[in-house]
Enquirer: 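Structure below; questions to follow.
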There are 2 protein chains.
Amino acid sequence: MASKKISMAVIKRLPRYHRYLNYLLELGIKRVSSKELSTRMGITASQIRQDLNCFGGFGQQGYGYNVESLYTEIGNILGINKTFNCIIVGAGNMGQALANYGNFEKRGFKIIGVFDVSPDIIGRKIKDLEVRSLNEIDDFVVLNKVDIAMLCVPYRETAALADRIAKLGVRGLWNFSPMDLKIPYDVIVENVHLSDSLMVLGYKLNDRFPRE
Amino acid sequence: MASKKISMAVIKRLPRYHRYLNYLLELGIKRVSSKELSTRMGITASQIRQDLNCFGGFGQQGYGYNVESLYTEIGNILGINKTFNCIIVGAGNMGQALANYGNFEKRGFKIIGVFDVSPDIIGRKIKDLEVRSLNEIDDFVVLNKVDIAMLCVPYRETAALADRIAKLGVRGLWNFSPMDLKIPYDVIVENVHLSDSLMVLGYKLNDRFPRE
DNA sequence: TAGATTGTTAATCGATTAACAATC
DNA sequence: TAGATTGTTAATCGATTAACAATC
């Protein structure tokens with residue numbers, strides 16, 4: 001599962017394939033051709049075959065793909081069989097939403113700690129985790145080999161906190177602040193820029209349904 | 001602001017430009033060249049000029065771009081001077097997070113209603129909005145000319161609700177469920193697939209820091 | 001004016017699609 | 001075997017980058 005040079009365009013489609021295959025699996029469908037998947041997903045069959053072949057020949061001529069094994073394969077490529085230790089930094093609504101969202105755990109993202117600064121929140125339980133003081137974060141990260149920090153703190157605090165956490169050896173940051181983090185450590189940052197997404201929606205709406 | 005055929009690649013970069021320009025503005029910087037912006041953003045100067053020229057010549061040879069006016073122009077392109085009436089459907093943690101997040105309002109996305117099914121939540125106040133029963137949603141949407149519905153309901157309920165809401169004339173859906181909505185109405189759907197994003201982070205981590 | 005930097009065209013690069021031989 | 005469908009190569013399309021004349 002090491003690095004060749006798969007393009008990001010391909011990688012970003014993998015979770016979507018994974019979702020669709022999971023859905024087919026739930027429907028009890030055993031095999032699927034690139035053509036059928038193409039119709040369902042609105043992607044060309046060519047692209048599907050091209051994408052899958054980046055990782056190996058999962059299909060069989062004349063038959064198509066076995067849904068279950070393809071699902072498993074893509075899961076493996078995405079590494080959902082491996083576990084990541086995750087912490088949530090900032091237990092506001094967003095942090096709580098993430099903590100309560102069970103789907104991450106299923107995919108190998110285990111939330112082992114939640115941190116906040118507010119005395120009102122510290123000590124409260126979210127699911128089975130007690131919210132800890134941010135003061136404890138440094139020791140916690142080192143002691144528990146935290147892989148990923150999910151940053152749900154206010155804008156102003158994000159940059160400094162990201163830096164502090166990265167310095168401790170966390171390798172991935174999942175950033176919910178509307179800023180692009182620049183960090184002088186070897187860290188992978190994945191952004192969830194909600195307002196960017198909403199603004200794109202706004203643009204499309206104005207474009208499709210012009211006003212005035 | 002009607003449709004030519006600007007590529008999505010360009011549109012998706014606009015919010016980012018907007019953010020950076022806002023930042024420069026806050027720093028009190030008056031002018032910026034594509035070269036300088038390039039260094040700051042990690043995008044080639046060529047691309048910046050190419051992108052901006054999709055919408056018109058905002059710059060001036062020998063000078064560069066006026067930060068404030070470029071910021072305004074991009075804001076206009078994104079339509080943040082126009083208002084969208086938005087509702088939040090599902091007042092769980094995610095819905096509450098969105099309701100409490102002030103940044104959307106600033107960009108023209110006005111949240112005018114929050115809906116839920118749970119009797120525990122209906123009637124509670126989030127900011128200045130009382131959570132309404134989902135039963136009222138149909139009348140509310142029509143009466144208040146709702147433009148955008150932000151869908152934060154559980155997976156199982158999303159598809160049916162999206163359909164119901166789209167039928168009422170809502171034009172944009174901001175979907176937080178891990179599924180691709182297929183809706184037989186003229187509606188624009190923008191997805192925030194959090195688990196997809198997290199899985200991509202996972203992939204990058206396994207790729208950059210292989211284990212076992 | 002000379003220097004800087006845009007707007008824009010042309011060249012390159014990468015990603016998507018088409019086509020088809022291989023093969024189950 | 002005949003039909004179906006993959007894996008893969010080649011063709012096309014689109015997006016990014018380079019180059020430079022126009023011009024402030």
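Numbers restart at 1 for each chain; the letters A, B, ... are given by sequence-line order, proteins then strands.
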Enquirer: Could you provide the dot-bracket string of DNA chain C, using ( ) for intrastrand pairs, [ ] for crossing pairs and | for bases paired to another strand, with Watson-Crick or G-U pairs below 3.5 Å?
Expert: ..||||||||||||||||||||||

Enquirer: Among residues at least two apart in sequence or on other chains, which ones pass ring pair (Phe, Tyr, Trp, His ring centres under 6.0 Å) with Tyr71(B)?
Expert: His18(B)

Enquirer: List, one per line, each side-chain donor-acceptor pair under 3.5 Å for residues 20-32 of chain A, sequence neighbours excluded.
Expert:
from, atom 1, to, atom 2, distance (Å)
Tyr20(A), OH, Asp180(B), OD2, 3.3
Arg31(A), NE, Tyr63(A), O, 2.6
Arg31(A), NH2, Tyr63(A), O, 2.7

Enquirer: In residues 12-21 of chain B, which residues come under 4.0 Å of DNA chain C by heavy atom?
Expert: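 Output list: empty, so none.
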
Enquirer: If you take any heavy atom closer than 4.0 Å to DNA chain C, which residues from residues 26-44 of chain B end up in contact?
Expert: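 Per residue number, the list reads Arg31(B), Ser33(B), Ser34(B).
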
Enquirer: By side-chain contact (heavy atoms from CB on, under 4.5 Å), which residues pair with Ser38(A), not counting sequence neighbours?
Expert: Ala45(A), Ile48(A)

Enquirer: Please tabulate, one pair per line, all N/O donor-acceptor pairs under 3.5 Å involving side-chain atoms of residues 140-152 of chain B, not counting sequence neighbours.
Expert:
from, atom 1, to, atom 2, distance (Å)
Asn144(B), ND2, Phe140(B), O, 2.9
Asp147(B), OD2, Asn85(B), N, 2.8

Enquirer: Pairs of donor and acceptor atoms involving the side chains of residues 98-105 of chain A, under 3.5 Å and at least two apart or interchain, shall be tabulated with distances.
Expert:
from, atom 1, to, atom 2, distance (Å)
Asn100(A), ND2, Gln96(A), O, 3.0
Asn100(A), ND2, Asn93(B), OD1, 2.8
Tyr101(A), OH, Asn103(A), ND2, 3.4
Asn103(A), OD1, Lys106(A), NZ, 3.1

Enquirer: So which pairs with a foot in residues 40-53 of chain B pass salt bridge (charged side-chain N to carboxylate O under 4.0 Å, His left out), sequence neighbours left out?
Expert: Arg13(B)-Asp51(B), Glu36(B)-Arg40(B)

Enquirer: For DNA chain C, what residues of residues 56-65 of chain A have any heavy atom nearer than 4.0 Å?
Expert: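 Result for residues 56-65 of chain A: Gln60(A), Gln61(A), Gly62(A), sorted by number.
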
Enquirer: Nearest-nucleotide wise, let me know which of Arg49(A) and Ser7(A) is further upstream toward the 5' end of DNA chain C.
Expert: Ser7(A)

Enquirer: Students should find this one: the first and last nucleotides of DNA chain D, 5' to 3', lying under 4.0 Å from a heavy atom of chain B. What are they?
Expert: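 First-to-last contact on DNA chain D, by the 4.0 Å heavy-atom rule, is dA15(D) to dC24(D).
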
Enquirer: Are Arg208(B) and Tyr203(B) in a cation-pi contact, defined as NZ or CZ under 6.0 Å from the six-membered ring centre and within 45° of the axis?
Expert: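 Checked: cation-pi criterion not met.
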
Enquirer: Not counting sequence neighbours, which residues clear ring pair (Phe, Tyr, Trp, His ring centres under 6.0 Å) with Tyr65(B)? List them please.
Expert: none

